[in-house]
**Q** 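Please see the structure below; I have some questions.
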Number of protein chains: 2
Amino acid sequence: MKRKTFGPVTSQQVAQIAGVSQSAVSRTFTPGASISPATREKVLKAARELGYRPNAIARSLNTARSRIVGVVMSYFDNQFYPQVLEALAQKLDELNYHLLLFVGDRDGNVDRIFDQIMQYRVDGIVLASVSLSIELSEECLAAGIPVVLFNRSEENGVASSVNTDNEAAARQIAAFLLAGEHKRFAYIAGLSDSSVNQARQNGFVNLLKQKGIEDIRVVQGDYDAKITARAASKLFSSPQPPDAIFAANDHMALTVMDVARYEFGLRIPEDVSVIGYDDTGPSGWPSYALTSASQPVDEMVSATIALLMKQIESESIEPEQVVVPGVLVVRHSARRPRSGVVEKDGLSLFQPQEVE
Amino acid sequence: MKRKTFGPVTSQQVAQIAGVSQSAVSRTFTPGASISPATREKVLKAARELGYRPNAIARSLNTARSRIVGVVMSYFDNQFYPQVLEALAQKLDELNYHLLLFVGDRDGNVDRIFDQIMQYRVDGIVLASVSLSIELSEECLAAGIPVVLFNRSEENGVASSVNTDNEAAARQIAAFLLAGEHKRFAYIAGLSDSSVNQARQNGFVNLLKQKGIEDIRVVQGDYDAKITARAASKLFSSPQPPDAIFAANDHMALTVMDVARYEFGLRIPEDVSVIGYDDTGPSGWPSYALTSASQPVDEMVSATIALLMKQIESESIEPEQVVVPGVLVVRHSARRPRSGVVEKDGLSLFQPQEVE
DNA sequence: CTGAAAGCGCTTACAG
DNA sequence: CTGAAAGCGCTTACAG
């Protein structure tokens with residue numbers, strides 16, 4: 001029983017049919033507003049008849065709350081990010097927030113996107129795998145718009161962030177490979193200006209150096225499959241190819257495995273061990289069975305949303321850096337050490353007595 | 001040189017600083033509006049000083065155009081969809097539209113989500129891997145809001161849709177497997193109420209029957225990795241396991257390959273051939289090298305957006321069903337027939353002289 | 001609890 | 001080209 005009016009139904013039209021004021025209609029759809037059950041019923045009935053839905057855009061205009069969170073994301077071919085996106089959308093939805101999606105430019109230039117986001121007067125921003133210039137960070141801070149860097153951090157403490165302990169996890173990976181008696185180490189780096197890459201590289205290299213390993217080969221994979229494949233080829237064709245490779249993320253690690261096996265006929269882990277970071281979908285597939293440092297998507301997303309909500313509520317934003325605990329999930333892509341691997345909830349984890 | 005006012009800068013404030021009317025400010029930021037260069041400059045200068053950005057929400061309210069497209073998507077663990085999402089967001093952005101993302105419920109219930117979408121007065125809706133009830137389709141039609149079903153279709157012709165020719169492609173796959181002299185055929189089905197599954201199943205089964213093959217095993221994978229793994233196990237442990245399997249999508253096909261190899265020690269394609277549908281990322285990874293019917297993401301997304309834009313422009317919506325051509329990409333997961341495989345742009349394609 | 005009214009930040013005829 | 005003004009569809013003090 002819908003009226004064929006032009007355009008969507010307005011609260012005014014509902015009011016007329018219900019025989020009440022437009023204010024009454026508005027109150028009916030505002031949780032907590034003072035409205036008598038009788039009036040409410042009349043309004044709901046009329047609304048149902050007309051197929052009325054409150055206009056969220058109009059509401060936003062005078063509440064100064066859009067209930068929209070802007071999300072900038074890149075690397076959709078890396079399973080980790082779609083999983084994050086799905087979790088973000090779902091959890092925001094539960095809180096009756098909505099997600100406006102932007103794809104980060106390849107050159108990492110957020111400025112143009114940033115302008116778009118701001119025009120929609122979003123209540124908060126999540127930057128996944130993207131960094132933000134200090135100027136823009138400060139602008140958000142001044143404008144009272146919370147920004148959370150997801151899987152990236154920023155040194156000046158101007159922006160909030162959610163990460164795992166990249167450096168500690170990378171040290172653990174180094175310790176794991178050492179315990180597995182590997183001799184020749186290589187690191188496949190992500191984009192060198194990415195904070196997580198820096199932390200992972202530092203953790204890995206520093207622990208090895210500390211243990212007396214000086215010759216660590218670092219090659220750039222830049223989070224890109226093709227660049228990674230070339231880098232891996234180069235490593236494997238060198239006179240002394242590595243027997244232990246840590247790639248800055250799973251996506252690159254999988255590429256390294258494919259190159260090792262299908263271009264060089266190497267066996268994994270007999271000839272070379274490969275470890276990644278993210279513990280995302282394909283890493284658990286039997287064809288790869290990648291040993292990987294986990295980034296728990298749900299916990300990271302929950303932390304992100306908790307931060308966002310807290311900052312949306314409060315008047316002044318206190319930037320906060322959250323570190324979510326992860327584990328080293330041991331599968332079959334890397335030789336296992338004699339000890340230190342424990343079973344837990346159906347997974348094998350590396351938990352040596354003492355980690356430095 | 002930002003003014004520390006509370007809340008974002010308004011056109012009113014810019015007008016005051018620039019010494020012009022608020023209308024002039026508005027015109028400055030409305031492409032094509034009549035404004036003199038001199039006034040325009042004054043406004044731009046003031047806007048820059050104050051850090052002004054037009055409020056898209058307020059603009060939407062009186063243009064009755066939000067420039068937002070609502071997208072509902074599921075199956076984020078199937079690479080095909082994130083790729084689609086990325087392309088959608090990018091192409092919409094180029095047209096200065098924006099993407100409001102919703103995650104489809106597991107039970108396929110779009111109604112609650114639909115309500116949310118409509119409240120934001122989106123200019124259009126894309127439903128990827130989700131179906132829409134006829135009532136809601138008709139409501140959108142009446143409200144003048146274009147809806148495009150992506151990789152799904154709907155029989156009543158009420159909604160627009162973009163698909164590949166699922167039935168023809170499935171027939172081609174059957175022909176390919178027959179030409180490869182396979183004997184025992186199985187189909188791993190997606191959710192049985194999904195239109196693409198039905199078309200793929202029909203095409204596959206019908207061509208085989210037409211060629212005198214009666215015994216075709218159909219098992220449910222339901223687009224779910226666990227269910228698919230169980231179904232595959234059952235197939236392989238049966239007395240007469242299939243030597244040719246077509247899975248309704250790549251994501252299930254990869255699972256089938258892993259089960260075949262790692263649970264049953266089968267060689268692919270020597271012992272069993274596996275073919276998928278989507279030709280998405282991991283299918284090209286050497287560990288799988290999956291033969292698969294392609295769904296060209298860019299073409300499909302472009303068609304979707306073209307449809308959407310046409311319908312947004314026009315007053316009355318003419319539902320349209322677009323079929324995007326795909327190809328059968330031949331890799332190494334299925335035995336190749338003696339003839340019919342041609343090389344093109346670095347890919348091997350199945351293009352027999354005649355396909356029925 | 002209820003309604004009339006102001007106002008959110010814009011766009012866009014309208015008159016000049 | 002420009003400004004004053006109405007209006008987009010709501011929310012929310014305010015007075016009753």
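Numbered from 1 within each chain, the chains take letters A, B, ... in sequence-line order. Owing to the predicted nature of the structure, the values given are computational and were not obtained by experimental measurement.
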**Q** Any ion pair linking K45(A) and E49(A) (charged N to carboxylate O, less than 4.0 Å)?
**A** yes

**Q** To the side chain of S34(A), which of dA4(C), dT2(D), dC1(C) is closest?
**A** dC1(C)

**Q** Any donor-acceptor pair under 3.5 Å joining the side chain of N55(B) to the base of dC10(C)?
**A** no

**Q** Enter the distance from Y120(A):OH to I68(A):CD1 here, rounded to the nearest 0.5 Å.
**A** 8.0 Å

**Q** NE2 of H98(A) to CG of L92(A): how many Å apart, nearest 0.5 Å?
**A** 9.0 Å

**Q** Is there a side-chain polar atom (N or O) of S36(A) under 4.0 Å from OP1 or OP2 of dC1(C)?
**A** no

**Q** Look up atom OG1 in T28(A) and atom OH in Y52(A), then write down how far apart they are to the nearest 0.5 Å.
**A** 9.5 Å

**Q** Taking CG from L61(A) and P from dC10(D), how many angstroms apart are they, rounded to a whole number?
**A** 12 Å

**Q** Answer with base, sugar-phosphate or nothing: what part of the nucleic acid does T10(A) contact at a heavy-atom distance below 4.0 Å?
**A** sugar-phosphate

**Q** Is dC1(C) paired to anything, Watson-Crick or G-U wobble with both distances less than 3.5 Å, and if yes, which nucleotide?
**A** dG16(D)

**Q** Could you tell me how far apart L50(B) (CG) and dG9(C) (P) are, to the nearest whole angstrom?
**A** 14 Å

**Q** Find the distance R40(A):CZ to dT2(C):C1' and express it as a whole number of Å.
**A** 16 Å

**Q** Can you check the distance between dG16(C) and dT12(C), where both ends of the measurement are the P atom (answer in whole Å)?
**A** 22 Å

**Q** Which nucleotide sits closest to the side chain of R59(B): dC10(D), dC10(C), dC1(D)?
**A** dC10(C)

**Q** Identify whether any heavy atom of F29(B) sits under 4.0 Å from a base atom; if not, whether one sits that close to sugar-phosphate; answer base, sugar-phosphate or nothing.
**A** nothing

**Q** For dG9(C), does OP1 or OP2 lie under 4.0 Å from any side-chain N or O of S11(B)?
**A** no

**Q** Roughly how many Å is it from OH in Y120(A) to C1' in dG9(C), rounded to a whole number?
**A** 15 Å

**Q** Ignoring backbone atoms, test whether T39(B) places a side-chain nitrogen or oxygen under 4.0 Å from the OP1 or OP2 oxygen of dC1(D).
**A** no

**Q** Can you measure I57(A) atom CD1 to dC8(C) atom P for me and round it to whole angstrom units?
**A** 18 Å

**Q** Calculate the interatomic distance between Q12(B) atom CD and dG9(C) atom P; express it in whole Å.
**A** 10 Å

**Q** Taking only the side-chain nitrogens and oxygens of S21(A), find out if one of them lies under 4.0 Å from OP1 or OP2 of dT2(C).
**A** no

**Q** Measure the distance from CD on Q22(B) to P on dT12(C) and round it to the nearest whole Å.
**A** 12 Å

**Q** Pick one: which of Y75(B), F80(B), Y81(B) meets ring pair (Phe, Tyr, Trp, His ring centres under 6.0 Å) with Y223(B)?
**A** Y75(B)

**Q** Picking from dG3(D), dC8(D), dG7(C), which would you name as closest to the side chain of A24(B)?
**A** dG3(D)

**Q** With nearest nucleotides of DNA chain C determined for P54(B) and G19(A) from heavy-atom distances, which residue corresponds to the more 5′ nucleotide?
**A** G19(A)

**Q** Output the rounded distance in Å from CZ (R65(B)) to C1' (dC10(C)).
**A** 17 Å

**Q** Using modelled atom types only, decide if a donor and an acceptor are shared between the side chain of D123(B) and the backbone of R67(B) within a distance under 3.5 Å.
**A** yes

**Q** Please determine whether a side-chain nitrogen or oxygen atom of Y52(B) lies at a distance below 4.0 Å from atom OP1 or OP2 of dC10(C).
**A** yes

**Q** Reckon S23(A) touches a base, only the sugar-phosphate, or nothing at all at heavy-atom distances under 4.0 Å?
**A** base

**Q** Of all the choices, dC10(D), dT2(C), dA13(C), which nucleotide is nearest to the side chain of I35(A) once you look at every atom?
**A** dT2(C)

**Q** Base of dG9(D), side chain of R121(B) - is there a donor-acceptor contact under 3.5 Å?
**A** no

